[in-house]
2 protein chains.
Amino acid sequence: MKTAGFNESDFFLDISTTQLDQIIRQGKVRELKSGAVLFHQGDPATQSFVVLEGRLKLCILHELGKEIVVRYIGPGELAAMVAVLEGQNYPASAEAVGLTRVVGFERRTMLKIIADHPPVALNMIRNALNRLEEMQNRYLEIYAEQVEQRIARSLLRIMKQAGKRSGDEILIDFPITRQELADYTGTTLYTVSRTLSAWQKKGWVKSKRGRIIIANPHALVLFTENF
Amino acid sequence: MKTAGFNESDFFLDISTTQLDQIIRQGKVRELKSGAVLFHQGDPATQSFVVLEGRLKLCILHELGKEIVVRYIGPGELAAMVAVLEGQNYPASAEAVGLTRVVGFERRTMLKIIADHPPVALNMIRNALNRLEEMQNRYLEIYAEQVEQRIARSLLRIMKQAGKRSGDEILIDFPITRQELADYTGTTLYTVSRTLSAWQKKGWVKSKRGRIIIANPHALVLFTENF
DNA sequence: AGCCGTCTTTGCGCTGGCGCAAAGAGCGGA
DNA sequence: TCCGCTCTTTGCGCCAGCGCAAAGACGGCT
């Protein structure tokens, strides 16, 4: 059982590796092909999941067409915490990005884990509050900032949790289309494409179909900060 | 000590009234004049607060001028849950709307309350997740919907937590300006004013300086649903 | 009663960025 | 190798709604 990466996760802070193995053994591992949907928005929330390998894309839909990417969930992170509560539905859908392995935990298992490992409850509160703060900031930004600035922030956010250094450059190590970056930023496919083209000319990014490399992260950071 | 309204609060679900009194006695009551700031965004978070009377406005600022109202916190509700965690800062500022009384709890008191009353931890998780879901939806809406639709939704949201029935009409029972409604919706003072004027002509709302009455809630609901 | 500060209304011009259309490019499958 | 699908690029027109300006209304205070 692969547990690498778990110790960086805020969910399993303060939990030793042996305890961790014991926890994971209480869940059920599932393997998902790229594009497979783990759960649908609105379905009764019965299980929480921890990603072992690969990545989940959480998104919510608006009646007719428009869609927002709420978050990407990488190895060691928890998805669908809501399942610890009774009578709730999943507030978002989860789709695998690339081949992905997850462990699923039933509600009673989650409650047992919380009871056995007291720090976990606080970790869950911390996790939820961090996400809340992030959403509040994104809400402020979508109101107060220009699209290009928001695209830069989106790239930096995604980079932080899924970036792979190679020299000065940073590769976003999962396939992401213009459309998905637009859904994450709250803009359109067209605007993202135009913006990335412009940045490519400036040497800030390099990209091919579904892959984005951030060639000059510093320039992007400056861009988000200035006016 | 006034505890009315507490039993509707999700924070104190499953807690009996006698236990409640005992909990409140562990905090320190403060009285705030209208407009007084209880805590500032970015300050070290040392206390959580429960509103007894009046109302808090939580807002976050963007560098130069723009501001978003995150939420209004009414009697029985908890603000600044983040203070249960060590080393965090307040992610928003809190300002009293009208004369307001709150109880403040130090971190160690909060931790003691959680330890003494096991359901509280789950209630806090539920509370955080509910807020997260609300913010995610607002984020989706600000991207996907027209301003007028969002203004209608904002009015309905505020109405739900601070509405006072009188006949068919519903009064929002605290002073709220066009600017504040704009900050809540993510639009401008001007657009809110124009929109409310139009709705006033249609008989959907009535308003004077700082007061809003929703004369036809049903019309607003339909308006948010259609196209 | 009168003043002053704050809140509200409305006209008007401007523009960011949306979204259609259509062409081009890359990748996988047979 | 060729075909077809999906992803990307770019031109172009259009409009929602922002934001200035200026006038008007309300309410609290002396």
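Naming convention: chains lettered A, B, ... in sequence-line order (proteins, then strands); numbering from 1 in each chain. Worth saying up front: this structure is predicted, and the values here are computed from it rather than measured.
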Please classify the nucleic acid contact of B:S197 as base, sugar-phosphate, or nothing, using heavy-atom distances under 4.0 Å. sugar-phosphate
Check the phosphate of D:dT8 against A:S193, side-chain N and O only, distance under 4.0 Å to OP1 or OP2. Yes or no? no
In numerical order, the residues of residues 175-183 of chain B whose heavy atoms come under 4.0 Å of DNA chain D are none
With sequence neighbours left out, write down each residue that passes side-chain hydrogen bond (donor to acceptor under 3.5 Å, both in side chains) with [X], or none if nothing qualifies.
X      : answer
B:S154 : B:T185
B:T191 : B:T188
B:E134 : none

Nucleotide by nucleotide, 5' to 3', does protein get under 4.0 Å of the base (B), only the sugar-phosphate (S), or neither (-) in nucleotides 17-30 of chain C, counting heavy atoms? SSBBB---BBS---
Sidechain N-carboxylate O distance under 4.0 Å for B:E106, B:K28: no
Are B:E77 and B:R71 close enough for a salt bridge, meaning some N to O gap below 4.0 Å? yes
Round to the nearest Å and state the distance from [X] atom [atom1] to [N] atom [atom2].
X      : N      : atom1 : atom2 : answer
B:K33  : D:dG28 : NZ    : P     : 17 Å
A:Q200 : D:dT8  : CD    : C1'   : 11 Å
A:I212 : D:dC7  : CD1   : P     : 13 Å

Show me the side-chain donor-acceptor pairs of residues 54-63 of chain B shorter than 3.5 Å, one per line, residues at least two apart or across chains.
{"residue": "B:R55", "atom": "NH2", "partner": "B:Q161", "partner atom": "O", "Å": "3.0"}
{"residue": "B:K57", "atom": "NZ", "partner": "B:E180", "partner atom": "OE2", "Å": "2.9"}
{"residue": "B:H62", "atom": "NE2", "partner": "A:E145", "partner atom": "OE2", "Å": "2.7"}

Check whether A:Y184 forms a cation-pi arrangement with A:R157 (NZ or CZ under 6.0 Å from the six-membered ring centre, at most 45° off the ring normal). no
Indicate whether any N or O donor in one side chain lies under 3.5 Å from an N or O acceptor in the other, for A:S207 and A:R178. yes
